[in-house]
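Read the structure below first, then the notes.
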Amino acid sequence: MAKIKQVAITGGTHGNELTGVHLLKHWRSDPTEVARSSFKTELHLANPKANACNRRYVDQDLNRQFNVEDLNNHELCGYEHNRAKSLNSLLGPKEDPRVDFIIDLHTTTANMGMSLIFNTDDPFVVGMAFYVQQKMPHATLFFDPIERMKDSFLTSMGRHNGFLIEAGAVPQGLLRADIYLETKEAVEHCLDYIEAFNTGTVPELPETREVYQFGDKVKLPENEQGELTAMVHPKLQDQDYQPIKTGDPLFLTLAGETLPYEGEETVYGAFINEAAYYDAHVGLSFMTKTQISLKR
Ligand SMILES: [Zn+2]
């Protein structure tokens, strides 16, 4: 594989996720922290208008706008549709990108700790995930495979499908120093890995690791008017990546009744009570746990 020459770090893709926004400000004032000898690093605030409004997005979720069909569809002309087209000019074009690799910085209101999300089994990217986890053993690997051209994430705008760092729990519109420092550390490990890759000095990595993969999205219960009638159950709150078995509590109705999980297969929760998903009344995602191998 060719060396990585151009890396972009993006933040504020969701305008109210302030950790990435402030890391970008910091690195602009001290670019040496993200500089390495074998490649160039550029810094981009992805959704400045949403960030100025302290909102996730203005018209549409920006991080769902990057599949190649939507980028080339000029009837899509909301603010984020247009912003995605600008980023396509800046980083892409998607079909033959200028930038080799994108690291996109996010936060979640769910108790997901340090989650490393990647959408490809490309050994370069899987190696990065394994490397960062070796440095930060509490990090969770989150694998959501999709072909790069169909992928709607900003991370898919690089030549190699990139890396999304999702840290939590932190409320929207809030900075927390612990989350800021953890995200900063994860990015530094990513950059060190790329440098090691380019210079042929990647250390010994494990052959396989545990990963979580998306299953079903679970809607919060609602009435006929579409109003919420239940909340995430207190026993499920903050239990991201823990097993959910038949009969375990999922939701608590406003009247105090427990609604259990009725599936037969043990699943794992993620994005449990994520504030950003209230617009769609999604209470959590079910995940499956599996293994991923580093193909050499
Ligand atoms: Zn986000």
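For ligands, and for the atoms within them, numbers begin at 1 and follow the listed sequence. These numbers come from the heavy atoms of this one structure, side chains and all, not from hydrogens, waters or symmetry mates.
- Between Arg56 and Glu17 there is a salt bridge, since a side-chain N of the basic residue sits under 4.0 Å from a carboxylate O of the acidic one.
- Contact of the Arg83 side chain with the Pro48 side chain is registered, since non-hydrogen atoms from C-beta on lie closer than 4.5 Å.
- The Zn ion (ligand 1) has an N, O or S atom of Glu17 under 2.8 Å away, backbone or side chain.
- The distance between the ring centers of Phe214 and Phe142 falls below 6.0 angstrom.
- Taking a cutoff of 4.0 Å between a charged side-chain nitrogen and a carboxylate oxygen, Asp100 and Lys5 do not qualify as a salt bridge.
- The nearest N/O/S atom of His14 to the Zn ion (ligand 1) is ND1.
- When the N, O or S atoms of His106 are ranked by distance to the Zn ion (ligand 1), ND1 comes first.
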